[in-house]
Amino acid sequence: MPELPEVETTRRGLQPHIEGLCIREIIVRNARLRWPIDANINQYCANQPLQHINRRGKYLLLGLPAGHIIIHLGMSGSLRMAHHSEPASLHDHVDIILDNDAAIRLRDPRRFGAVLWQDGDVNQHPLLAKLGPEPLDGDLATVLWQISRCNVPLKNLLMDSHRIVGIGNIYANEALFDARLSPFRKASTLDLAECNQLANSIRHILETAIIAGGSTLRDFVGVNNQPGYFQQTYAVYGRTGLDCPICHQAIVKTKQAQRSTFWCPECQQ
DNA sequence: ACATCTACCTGGAGGC
DNA sequence: TGCCTCCAGGTAGATG
């Protein structure tokens, strides 16, 4: 489930293999992702140099002279490098073929992902224009203070990309546990010290996951179908009934806004 | 304006 | 073994 750390790991994994190369063509085997892939995408991208690969929230941005290819991995998407002649499997929907015969291959079984084109300034794209700030850039405690002046539960706040980007269900659960804050608490009740505490936890959780992902970068250029990141180990996520690592009480699972919340009732009052 | 709910999709797990 | 049901999740768009 790609959240910010997995997307950033993907970006770092692809970067040395693609920057400076030319796109020969884009092969779309199945255009039916979250939004249909533009049938004319080759008109924008073929024979164009890949100048850089950036990230905005959970979106990967492939920079071409005239615009950007925007890729979102949804919840089951992964990118890896393959040789263009390597047979594609069932869910390998898109290949971006490069002029050295390599391919950036998108695999996405559940097709919640997206491959889009945006002319000119990529931040003008409707999906990017309204995104909140990056959690790892700037003063996160101040950002949290500013966005927390509202009446939503803390977990919903962290998962709302229009308020802050990059944090999905897994890392929202983990960050709130690390900060010893209840996922059900109303955001507006946080004081500055608690915003600071939560900022430290979010940074710690995300940076630790990125470092863990970095140790697996070699897998981006392999013959297997594994994405370039591994399942991390978590303190609360997916650990219903198991011991809290701090107080050893049982971790509880609750539905919150149609999503599973994992938390320790003792540590996160 | 703001908060919450629904829909999209499919592999895997569990029950019978 | 096979069929059925449920669950996971990001986010736009609809609804309250």
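Order of the sequence lines fixes the chain letters, A, B, ..., with proteins taken first and strands second; residue numbering starts at 1 for each chain. The figures here come from the full heavy-atom set of this structure, side chains too, leaving out hydrogens, waters and symmetry mates.
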Taking the minimum atom-to-atom distance to the side chain of [X], which one of [options] wins?
X         : options                   : answer
Trp35(A)  : dA12(C), dG10(C), dT10(B) : dA12(C)
Val152(A) : dG11(B), dA3(B), dG10(C)  : dA3(B)
Cys150(A) : dC8(B), dG11(B), dA3(B)   : dA3(B)
His72(A)  : dA8(C), dT6(B), dG10(C)   : dG10(C)

**Item:** Given DNA chain B, 5'-ward residue of the pair Asn30(A) and Arg163(A), judged by closest heavy atom
**Value:**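 Taking each residue's closest nucleotide, the earlier one in sequence belongs to Arg163(A).
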
**Item:** Given DNA chain B, 5'-ward residue of the pair Pro153(A) and Arg259(A), judged by closest heavy atom
**Value:**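 Residue closer to the 5' terminus by nearest nucleotide: Pro153(A).
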
**Tyr237(A) and Asn169(A) side chains, donor-acceptor separation under 3.5 Å** =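 Tyr237(A) and Asn169(A) do not have a side-chain donor-acceptor pair below 3.5 Å.
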
Classify [X] by what it touches in the nucleic acid, base, sugar-phosphate, or nothing, heavy-atom distance under 4.0 Å.
X         : value
Asn151(A) : sugar-phosphate
Ile170(A) : nothing
Lys253(A) : sugar-phosphate

Please check the phosphate of [N] (OP1 and OP2 only) for any side-chain N or O of [X] closer than 4.0 Å.
X         : N       : result
Lys58(A)  : dT11(C) : yes
Lys255(A) : dA8(C)  : yes
Ser260(A) : dA8(C)  : yes
His91(A)  : dC9(B)  : no

Between [X] and [Y], is any pair of side-chain heavy atoms under 4.5 Å apart?
X         : Y         : result
Leu206(A) : Tyr171(A) : yes
Ile26(A)  : Ile69(A)  : yes
Ile37(A)  : Val94(A)  : yes

**Asked** With a cut-off of 6.0 Å (strictly less than), are more than 12 heavy atoms of other residues, nucleotides or ligands near NE2 of His52(A)?
**Response** yes

**Request:** Can you pull out how bent the helix from dC2(B)-dG16(C) to dC16(B)-dG2(C) is, comparing the axes over its first five and last five pairs, to 10°?
**Result:** 50°

**Request:** Specify the residue among Gly166(A) and Arg110(A) whose closest nucleotide of DNA chain C lies further upstream toward the 5′ end.
**Result:** Arg110(A)

**Request:** Report the residue (Lys130(A) or Met159(A)) whose heavy-atom-nearest nucleotide on DNA chain C is the more 5′ of the two.
**Result:**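 On the 5' side of the pair lies Met159(A).
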
**Message:** What I want to find out is whether Lys58(A) reaches Glu6(A) closely enough, with some N-O distance under 4.0 Å, to be called a salt bridge.
**Reply:**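 No.
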
**Prompt:** Less than 4.0 Å between a side-chain N and a carboxylate O, is that true for Asp95(A) and Arg105(A)?
**Reply:** yes

**Message:** Please find the pair of heavy atoms, one from Arg163(A) and one from Cys150(A), that lie closest to each other, and give the distance.
**Reply:** NH1-SG, 3.6 Å

Rounded to whole angstroms, how far apart are [atom1] on [X] and [atom2] on [N]?
X         : N       : atom1 : atom2 : result
Ile147(A) : dA3(B)  : CD1   : C1'   : 15 Å
Gln258(A) : dA8(C)  : CD    : P     : 11 Å
Ile70(A)  : dG10(C) : CD1   : C1'   : 16 Å
Arg111(A) : dG11(B) : CZ    : P     : 9 Å
Leu131(A) : dT11(C) : CG    : P     : 8 Å

